[in-house]
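Read through the structure below, which is laid out as structure tokens, and then see the notes.
Residue numbers start at 1 and run along the sequence shown. Here the structure is a predicted model, which is why all the values come from computation and not from measurement.
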Amino acid sequence: MNSKVIMAMFQLTQYQYGSLSILFAAVLWGTTGTVASFAPNISPLAIGAFSMGVGGVIQACLAVRHFGLDVCRLRQHKANIVLSALALAIYPLTFYSSMQLAGVAIGTVISIASAPFFSVLLECLFSKHNMVSRRWLMSLVIGLIGIALLVFSEPSAEAHTTLNSREVGVMLGLLAGLTYAGYSWGAKAMISDGVRSQSAMGIIFGLGAMLLLPTLVFTGDNLFSSVTNILVVSYMALVPMCLGYIAFGFGLRYVKASNANVLTLFEPVVAAALAVIVVGEFIPVLGWIGIVLIMVCLLLQAKG
């Protein structure tokens, strides 16, 4: 078997390249909970605002040279840019608040698992020629069953919160899912219209950062009070929130927002694995069955 045949066997489609980029982003995002656990004296709101805010500034700076090339198309998406930036600013505040009130597992899962629903709703309402395929629906159902098993296998989920705060946390998680789907769809709409992914993500994150960073005046205690805290927030800003979203933006060139948000269901799998390996948490058998189902969901999505 010659080298050309071997290369042909492993040649990936554009969709698969996009899917792998989004899965890579999900892996990076899945590290945030474990990394944040090393700085328990920092407010979750501050971690979200700093990491997404600084990551947004970096992305905007990296995209500056592309803005001039896309300025005409960007002007055509003024309302989209403003709404996407607002959604981006709301997302980390609701996401981290949801984890604080409903527990890390439930808050993360509700936020991520609800995003595909909202995303496909936005695509059906505003995108032309969009049809939800049977494969997408089947993979989503399998993924959500897996997510549910992973959540309800958590033996200490109720021990962390009262019923009322958990309900508020779930509602905030749904809002996080809506805003996540909102800025993902907004970025995809611009990219589909010919805007470079760097420009689309850079302008959304740059404007979102301008809204997020001022909140640190009220929430930013202890951000730089120790070397560990500095390392934690630096990692969160540079790796998951900057590198992760660059990879996510690249993936959106070739993958619909609804499919992309289903692929990000890999994030809680990574988070659960790291919680076991690094933090020392325990996941029952039911939870591992859920993880397997999520992997099946991802395989269905990766085939396009």
Side-chain angles (χ1 to χ4, degrees), residues 17-18 21-22 24-26 28-29 32 47-96 111 115 118-119 122-123 125-128 175-216 236-261 263-264:
Y17 274 120
S21 295
I22 291 167
F24 174 67
L28 297 183
W29 297 337
T32 57
I47 290 179
F50 182 87
S51 58
M52 191 73 85
V54 174
V57 170
I58 294 172
Q59 284 213 53
C61 291
L62 292 174
V64 164
R65 66 188 182 92
H66 298 283
F67 289 154
L69 300 173
D70 291 316
V71 63
C72 293
R73 284 196 172 95
L74 289 173
R75 284 174 179 169
Q76 297 171 2
H77 289 271
K78 289 179 182 177
N80 185 6
I81 290 169
V82 171
L83 291 174
S84 297
L86 183 61
L88 179 81
I90 294 171
Y91 169 71
L93 303 180
T94 53
F95 176 57
Y96 286 98
S111 300
F118 291 120
S119 184
L122 289 172
E123 287 184 351
L125 289 174
F126 300 109
S127 297
K128 297 179 181 179
L175 181 56
L178 174 60
T179 52
Y180 178 82
Y183 74 76
S184 298
W185 181 86
K188 177 61 177 177
M190 285 191 282
I191 293 169
S192 297
D193 194 38
V195 178
R196 290 165 178 79
S197 61
Q198 298 95 326
S199 297
M201 300 299 284
I203 196 163
I204 290 173
F205 274 73
L207 292 177
M210 292 174 63
L211 298 174
L212 278 170
L213 291 176
T215 66
L216 292 174
M236 299 279 275
L238 296 174
V239 181
M241 297 306 150
C242 184
L243 180 58
Y245 277 99
I246 289 173
F248 185 70
F250 174 81
L252 283 177
R253 296 182 189 179
Y254 311 113
V255 179
K256 291 192 303 182
S258 55
N259 294 67
N261 287 335
L263 287 168
T264 59

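The shortest heavy-atom contact between Phe24 and Ala247 is CD2-CB, 3.8 Å. In this structure, Ser197 and Arg253 approach most closely via the heavy-atom pair OG-NE, 3.1 Å. Scanning both residues, Ile22 and Ala260, for their nearest heavy atoms gives CD1-CB, 3.5 Å.
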For a quick test of your reading: what N or O donor-acceptor pairs under 3.5 Å do the side chains of residues 78-91 make, sequence neighbours left out?
residue	atom	partner	partner atom	Å
Asn80	OD1	Ser84	OG	3.0
Asn80	ND2	Gly186	O	3.2
Ser84	OG	Asn80	O	2.8

Side-chain polar contacts of residues 51-65 - donor-acceptor pairs under 3.5 angstrom, sequence neighbours left out - could you list them?
residue	atom	partner	partner atom	Å
Ser51	OG	Ile47	O	2.6
Ser51	OG	Gly48	O	3.4

message = For a side-chain contact (heavy atoms from CB on, under 4.5 Å) check, start with the C-alpha distance between Leu74 and Met190, then their side-chain angles and the critical distance, and finish with the verdict.
response = CA-CA 8 Å; Leu74 289 173; Met190 285 191 282; 4.1 Å; yes
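In this structure, the separation between CG on Asp193 and CD on Gln76 is 6.0 Å, given to the nearest 0.5 Å. Taken to the nearest 0.5 Å, the CE atom of Met241 stands 8.5 Å off from the CZ atom of Phe205. Note that CZ of Phe250 is 14.5 Å distant from CZ of Arg196, once rounded to the nearest 0.5 Å. Residue Phe248 holds its CZ atom at 4.5 Å from CH2 of Trp29, rounded to the nearest 0.5 Å. Considering CD1 of Ile204 and OG of Ser199, their distance stands at 11.0 Å, rounded to 0.5 Å. To the nearest 0.5 Å, atom OG of residue Ser184 and atom CG of residue Leu252 are 6.5 Å apart.
Between Met201 and Ile246 the shortest side-chain heavy-atom distance does not fall below 4.5 Å.
Every pair passing side chain to side chain donor-acceptor pair (under 3.5 Å) that includes a residue from residues 237-246 is listed here, sequence neighbours excluded: Tyr183-Tyr245.
Sparse packing is recorded around CZ of Arg73, with 12 or fewer heavy atoms of other residues, nucleotides or ligands lying under 6.0 Å away.
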